[in-house]
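The residues of the chain are indexed from 1 along the displayed sequence.
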Amino acid sequence: MEKHIKLSELTSRIQRNIDDAFASHAFWVVADVTNHTYKAANNYHYFELVEKEPMSSRIVAKIAGRAWGAGALRIERFEQSTGQRFSNNVHVLVLVMVQYTPAFGLQLNLMDIDTSFTLGQFEKMRLATLELLLSRNPEFIQMVGDHFITKNKQLELKPVMQHLAVLSSDTSAGYQDFRHTLDNNPWGYRFIIDDYFTVVQGEGNAKNLVARLIDIYESGKPYDAVILIRGGGAQTDFLIFDNYELSRAVARFPIPVITGIGHQKNETICDLMANTALKTPTKAAEFILANNRLFEDRLINAQKRIIIKTQQTIQQHQRRLSSLKSYFVGDVLGLLQHLQSALSRLSGAVLAVPGMFLQNKERELRQVQKELKANAEDLIKTRSANLMLFETMIRLMDPVHILRKGFTLIKIGDRIITNEEALHPGTEITIQRAADEVKAIVSQTQEK
């Protein structure tokens with residue numbers, strides 16, 4: 001009969017040999033986490049560590065693992081430092097010890113986890129994507145100093161944004177915050193919002209976001225801006241916004257893209273490519289409201305300035321017209337008094353001297369009538385010419401006419417600066433032209 005042994009005896013031998021070989025050794029191992037479960041009651045992590053071929057998903061090595069006690073505490077610190085949950089598909093560098101027990105078989109006990117390794121992997125992938133974007137798309141993505149210049153970033157935001165396309169998840173709390181902030185703004189602004197919902201988590205879903213951007217473009221609607229938003233989460237939740245195809249689509253999109261991605265530590269690549277990047281969906285909504293409020297404030301201030309200038313101009317013209325009226329009436333009264341005096345003298349002469357004298361005086365009277373008519377016409381022409389001259393002077397003195405000739409007004413705040421006032425370097429000034437205003441800062445003054 002063939003000799004045999006109990007299974008427990010065999011497993012005991014295996015345990016002794018493994019203990020002899022590995023009991024006092026720990027190994028730093030690079031692997032991917034799969035089949036992870038967490039038992040909160042006893043703070044236990046159960047998982048498998050796998051290694052896959054670089055160019056495929058074929059598994060070349062796999063072993064069970066667990067973490068408890070100090071190992072579970074290391075995982076907790078890892079999650080706090082990276083913002084990344086210890087879960088499936090995370091690429092990690094872990095310190096493990098080999099353990100074999102007859103009841104549970106071969107497994108690895110996690111002793112520590114290298115936080116910087118995982119963060120380095122994220123940053124390495126991010127830098128590779130940025131380099132690819134720059135090398136393959138120089139016509140609409142460039143880097144100047146530490147800043148990225150994209151086609152989308154160079155688009156000018158409209159002074160009033162009302163027609164918006166929102167790209168988000170319909171279940172996102174960040175989307176609800178965004179809509180609540182816009183719908184309940186204290187100024188009563190109203191918006192036309194079209195929702196383009198899709199999944200905004202998981203790098204594999206980036207193609208869905210690209211497809212929704214295409215839908216926005218092909219809609220043909222005159223959107224003022226596209227709002228790309230997502231609420232908070234772990235760092236891996238935002239890897240979708242580091243995707244090459246999505247970032248490229250944002251960089252070249254012909255409508256300004258405003259991002260409100262709920263993360264605080266780092267900017268995603270989509271943030272770097274977009275026209276305007278905000279930290280949260282709520283911040284994106286507040287930015288839009290502030291943009292519209294700034295336009296309204298400028299409109300109100302311009303209205304006040306126009307009213308004041310108009311009132312001042314009307315008052316000046318009224319004073320000049322009143323002066324002209326007084327002057328003209330005085331001259332006419334004087335002429336009439338002179339005529340009355342002449343007629344009185346003529347009447348006395350006629351009564352005193354008959355015949356020839358009367359004829360002479362008739363001739364003189366006709367001459368006086370001619371002169372009177374000519375003088376009246378000349379006076380009226382002269383006064384009319386004076387009125388036209390004053391009218392021309394009034395038009396030439398119109399501030400708008402002067403500004404159209406290329407002159408400008410220099411202001412600090414609402415106060416106009418005269419030639420006698422000195423401007424000091426560093427002073428913020430407003431240069432008012434006929435069609436717009438230019439904000440500037442004095443860098444140097446020079447006497448002439």
Undergrad: For Thr382, which residues count as a side chain to side chain contact (heavy atoms under 4.5 Å, CB included) partner, sequence neighbours excluded?
TA: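 Thr382 satisfies side chain to side chain contact (heavy atoms under 4.5 Å, CB included) with Asn386 once adjacent residues are dropped.
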
Undergrad: Could you give all pairs that pass the ring pair (Phe, Tyr, Trp, His ring centres under 6.0 Å) test and reach residues 94-121, with sequence neighbours left out?
TA: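 Qualifying pairs: His91-Phe117.
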
Undergrad: Would the distance check show the side chain of Asn292 and the main-chain N or O of Met161 forming a donor-acceptor pair, the cut-off being under 3.5 Å?
TA: yes

Undergrad: Among all residues two or more places apart in sequence or in another chain, which pass the salt bridge (charged side-chain N to carboxylate O under 4.0 Å, His left out) test with Arg77?
TA: none

Undergrad: For Asp177, enumerate each residue passing the salt bridge (charged side-chain N to carboxylate O under 4.0 Å, His left out) test, keeping only those at least two apart in sequence or located in another chain.
TA: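 Result, salt bridge (charged side-chain N to carboxylate O under 4.0 Å, His left out) vs Asp177: none returned.
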
Undergrad: Can you sort out the partners of Asp19 under salt bridge (charged side-chain N to carboxylate O under 4.0 Å, His left out), two or more places apart, ordered by chain and number?
TA: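 Expected list: none.
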
Undergrad: Using a distance-only test with no angle check, is there a side-chain donor-acceptor pair under 3.5 angstrom linking Gln162 and Tyr189?
TA: no

Undergrad: His317: what forms a ring pair (Phe, Tyr, Trp, His ring centres under 6.0 Å) with it, not counting sequence neighbours?
TA: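 None.
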
Undergrad: Keeping Asn208 on the side-chain end and Val199 on the backbone end, is there a donor-acceptor pair under 3.5 Å?
TA: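 No; zero donor-acceptor contacts below 3.5 Å.
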
Undergrad: What residues, two or more places apart in sequence or in another chain, satisfy side chain to side chain contact (heavy atoms under 4.5 Å, CB included) together with Leu7?
TA: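 Scan of Leu7 (side chain to side chain contact (heavy atoms under 4.5 Å, CB included), adjacent residues dropped) gives Thr11.
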
Undergrad: For Ile192, enumerate each residue passing the side chain to side chain contact (heavy atoms under 4.5 Å, CB included) test, keeping only those at least two apart in sequence or located in another chain.
TA: His163

Undergrad: Is it true that the side chains of Arg252 and Asn137 contain a donor and an acceptor less than 3.5 Å apart?
TA: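 There is no such pair (donor and acceptor under 3.5 Å, judged by atom type) between the side chains of Arg252 and Asn137.
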
Undergrad: Going by the rule ring pair (Phe, Tyr, Trp, His ring centres under 6.0 Å), which residues pair with Tyr175 if we only count those two or more places apart in sequence or in a different chain?
TA: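 Here the qualifying residues are Phe197.
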
Undergrad: Under the salt bridge (charged side-chain N to carboxylate O under 4.0 Å, His left out) test, which residues partner Glu76, sequence neighbours left out?
TA: none

Undergrad: Sequence neighbours excluded, which residues qualify as ring pair (Phe, Tyr, Trp, His ring centres under 6.0 Å) partners of Phe407?
TA: none

Undergrad: With sequence neighbours excluded, tell me which residues meet ring pair (Phe, Tyr, Trp, His ring centres under 6.0 Å) with Tyr217.
TA: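 Result, ring pair (Phe, Tyr, Trp, His ring centres under 6.0 Å) vs Tyr217: none returned.
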
Undergrad: Just by distance, do the side chain of Asn291 and the backbone of Pro159 share a donor-acceptor pair under 3.5 Å?
TA: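 Side chain of Asn291 to backbone of Pro159, a donor-acceptor pair under 3.5 Å: yes, one is there.
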
Undergrad: Is there a salt bridge (Lys or Arg N to Asp or Glu O under 4.0 Å) between Arg13 and Glu9 once you walk through the steps?
TA: CA-CA 6 Å; Arg13 291 181 183 180; Glu9 183 180 348; 3.0 Å; yes

